[in-house]
Enquirer: 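After the structure tokens below, expect a handful of questions from me.
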Amino acid sequence: MGSTSTRRDWILHLDLDQFIAGVELLRHPELRGRPVVVGGSGDPTQPRTVAATATYEAREHGIHSGTPLRTALRRCPDAVFLPTDPPAYEAASARVMAVLRDFPVRVEIWGWDEAFLGATTDDPETLAADLQRAVHTRTHLDCSIGIGDNKHQAKLASGLAKPAGIHRLTSDNWATVMNERPTHALWGIGARTAAKLAALGLHTVAQLAAADPADLAARFGPTNGPWYRYLALGKGEAEIVTTPWIPRGHSREITFQHDLTDRADIDHHLTTLAEHVTHDATTAGREITKVTVKVRTTPFQTRTRQSTLPAPTTDPATITRTALAILDRHDLTRPVRLLGVAVDYTMPPTTR
DNA sequence: TCTGGGGTCCTAGGACCC
DNA sequence: TCTGGGGTCCTAGGACCC
């Protein structure tokens, strides 16, 4: 078997199907088959709260991740609403990743429900099927697996494989599968960029692949422009990095159910956020180099102001004082809907 | 559809220095 | 004296992703 196949390197992308909903249905098996919406504290009457995810049954009612819970309730009064439980998702994710590490593959974790795998084999489909079976047996969660020559191809392939399937997208079938799809189908081209490309007459992947890199650079910048064409050609990063990701920064933000107008109130909430972020940084053993304060006012206008610190610090009083000083540079004449504090971390030398 | 929270990277313009 | 360039840092915002 496999006498005509070549043993070579592959990139696999594993994507857990409906991860959050899947974890919740394991805890609440009686809800299987019902429309379930997960988000916020699980109270669908709360304003300014959106769905983190929705089961397929809920999606049939037009409920998706990002749908306001109050809208979801209106569209499907029979839906079950559950609060989000990040520690539970963290734990389930760790169990899945442990399964992957038992295979002879290099594992690069991409968030709770995704991982890229580097494998050397003559039969990636069999490997993928073995992975799916092991994940299901040990965690009762389903996943889709994409097979490619690089991360971009593998990522798109796992999307094509859903639900619970396996799909191979390599340079051999790239043009056949992708050429007539819209540029938005590429990983890294969103609605805004797709619209700008369309304005240049570039609607499909094939059209983008044939575009002049210099024209793209002039329109989108020296890095992004040529990169878009690169994506359209099916190229991408193929290196699996197994060392843990080192975060560049950290942030906390809060949308208030009722707008803040009292300055003392605003100061108080900003102080709490700053203390929270500093505590997170200290827990992670990181130093802070820059502070950004984000303010969203009515009508949904978002502004940021930032300050680079004279020296890296972990001192809560310094961060709080800096955040309050930055807040002074914001226009606070309109009611405040959201406050956020973000910090940049010192990066250790020679990191990627 | 009255619009969350947490990330990453890129760009453009200005300041400042040589 | 009308006027160089390059390099780096900083800031604000845009875009994308899950």
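Below, chain A is the first sequence line, B the second, and so on; all start at residue 1. These values consider heavy atoms only, across backbone and side chains, with no hydrogens, waters or symmetry-generated copies.
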Enquirer: Might you work through the side-chain hydrogen bond (donor to acceptor under 3.5 Å, both in side chains) test for A:T121 and A:D123, ending with a clear yes or no?
Expert: CA-CA 5 Å; A:T121 175; A:D123 188 355; over 6 Å; no
Enquirer: Does A:Q301 use its side chain to pair, donor to acceptor, with the backbone of A:T297 at less than 3.5 Å?
Expert: no
Enquirer: Could you list the residues that satisfy side chain to side chain contact (heavy atoms under 4.5 Å, CB included) with A:D331, not counting sequence neighbours?
Expert: A:T333
Enquirer: Keeping the roles fixed (side chain from A:T84, backbone from A:P86), state whether a donor-acceptor pair exists under 3.5 Å.
Expert: no
Enquirer: List the atom of A:M347, the atom of A:P247, and the distance in Å for their closest heavy-atom pair.
Expert: SD-O, 3.7 Å
Enquirer: Between A:Y228 and A:F220, how do the two ring planes meet: parallel, tilted or perpendicular, split at 30° and 60°?
Expert: perpendicular
Enquirer: Using the ring centroid of each side chain, check whether A:Y230 and A:H152 are separated by less than 6.0 Å.
Expert: no
Enquirer: Quick one: label A:G249 by what it contacts on the DNA or RNA (base, sugar-phosphate, nothing), any heavy atom closer than 4.0 Å.
Expert: sugar-phosphate
Enquirer: Counting only heavy atoms and a strict 4.0 angstrom limit, can you tell me which residues of residues 190-202 of chain A come near DNA chain C?
Expert: A:G190, A:A191, A:R192, A:T193, A:K196
Enquirer: As a test of understanding, state which of A:T289, A:V291, A:L309, A:T308 forms a side-chain contact (heavy atoms from CB on, under 4.5 Å) with A:D344.
Expert: A:T289
Enquirer: Could you tell me how far C:dC18 sits from B:dT3 if I compare only their P atoms? Round to whole Å.
Expert: 23 Å
Enquirer: Is A:K162 atom NZ crowded by more than 12 heavy atoms from other residues, nucleotides or ligands, each under 6.0 Å away?
Expert: yes
Enquirer: Could you go through residues 17-29 of chain A and list every donor-acceptor pair under 3.5 Å that involves a side-chain atom there, pairing it with any protein atom two or more places apart or in another chain?
Expert:
{"from": "A:D17", "atom 1": "OD1", "to": "A:S144", "atom 2": "OG", "distance (Å)": "2.9"}
{"from": "A:D17", "atom 1": "OD2", "to": "A:S144", "atom 2": "OG", "distance (Å)": "3.3"}
{"from": "A:D17", "atom 1": "OD2", "to": "A:A164", "atom 2": "N", "distance (Å)": "2.7"}
{"from": "A:E24", "atom 1": "OE1", "to": "A:R27", "atom 2": "NH2", "distance (Å)": "3.2"}
{"from": "A:E24", "atom 1": "OE2", "to": "A:R27", "atom 2": "NH2", "distance (Å)": "3.1"}
{"from": "A:E24", "atom 1": "OE2", "to": "A:Y89", "atom 2": "OH", "distance (Å)": "2.5"}
{"from": "A:R27", "atom 1": "NH1", "to": "A:D85", "atom 2": "OD2", "distance (Å)": "2.9"}
{"from": "A:R27", "atom 1": "NH2", "to": "A:D85", "atom 2": "OD2", "distance (Å)": "3.1"}

Enquirer: Have a look at A:H64 and say if it touches a base, only the backbone sugar-phosphate, or nothing, with a 4.0 Å heavy-atom cut-off.
Expert: nothing
Enquirer: Within residues 271-281 of chain A, find the residues that approach DNA chain B with a heavy atom at under 4.0 Å, and present them sorted by residue number.
Expert: none
Enquirer: Is there a donor-acceptor contact under 3.5 Å from the side chain of A:E275 to the main chain of A:T272?
Expert: no
Enquirer: Does A:K294 reach a base, just sugar-phosphate, or nothing at all? Heavy atoms under 4.0 Å.
Expert: nothing
Enquirer: Using only atom types and a distance under 3.5 Å, with no angle test, would you say the side chain of A:R34 pairs donor to acceptor with the backbone of A:D78?
Expert: yes
Enquirer: Specify the residue among A:A51 and A:A218 whose closest nucleotide of DNA chain B lies further upstream toward the 5′ end.
Expert: A:A51
Enquirer: What pairs of residues pass the side-chain hydrogen bond (donor to acceptor under 3.5 Å, both in side chains) test when at least one of them lies in residues 56-76 of chain A, not counting sequence neighbours?
Expert: A:T55-A:E57
Enquirer: Taking transitive links into account, so neighbours of neighbours count too, which hydrophobic residues share a cluster with A:I63 at under 4.5 Å side-chain distance?
Expert: A:V37, A:L69, A:L73, A:F81
Enquirer: Report the residue from A:E108, A:E114, A:E239 that forms a salt bridge (Lys or Arg N to Asp or Glu O under 4.0 Å) with A:K151.
Expert: A:E108
Enquirer: State which residue, out of A:I11, A:V107, A:V105, fulfils the side-chain contact (heavy atoms from CB on, under 4.5 Å) condition with A:I240.
Expert: A:I11
Enquirer: Would you write the dot-bracket representation of DNA chain B, where each base gets (, ), [, ], | or . depending on whether it forms a Watson-Crick or G-U pair under 3.5 Å and with which partner?
Expert: ....||||||||||||||
Enquirer: Counting the atoms with a prime plus P, OP1 and OP2 as sugar-phosphate, which does A:W110 contact under 4.0 Å by heavy atoms, base, sugar-phosphate, or nothing?
Expert: nothing
Enquirer: Just grab all the ring pair (Phe, Tyr, Trp, His ring centres under 6.0 Å) pairs involving residues 293-312 of chain A, residues at least two apart or on different chains.
Expert: none
Enquirer: Heavy atoms only: give me the nearest A:L131-A:L100 pair and the separation to one decimal.
Expert: CD2-CD2, 3.9 Å
Enquirer: Please work out which residues in residues 221-230 of chain A have a non-hydrogen atom less than 4.0 Å from an atom of DNA chain B and list them by number.
Expert: A:G221, A:P222, A:T223, A:N224
Enquirer: Between A:R337 and A:F220, just flag the one whose closest nucleotide in DNA chain B comes earlier from the 5' side.
Expert: A:R337
Enquirer: Is any side-chain heavy atom of A:D122 closer than 4.5 Å to one of A:T6?
Expert: no
Enquirer: Does the pair A:T255 and A:R48 meet the rule for a side-chain hydrogen bond (donor to acceptor under 3.5 Å, both in side chains), with working shown?
Expert: CA-CA 7 Å; A:T255 293; A:R48 301 180 179 178; over 6 Å; no
Enquirer: Under 6.0 Å from the six-membered ring centre of A:W10 and within 45° of its axis: does the NZ or CZ of A:R8 meet both?
Expert: yes
Enquirer: How would you give the extent of chain A contacts on DNA chain C, as first and last nucleotide 5' to 3' within a 4.0 Å heavy-atom cut-off?
Expert: C:dC10 to C:dC18
Enquirer: Name every residue in residues 307-331 of chain A that has at least one heavy atom under 4.0 Å from any atom of DNA chain C, in order of residue number, or write none if there are no such residues.
Expert: A:S307, A:T308, A:R329
Enquirer: For DNA chain B, which residues in residues 69-76 of chain A have a heavy atom at a distance below 4.0 Å?
Expert: A:T71, A:R74, A:R75
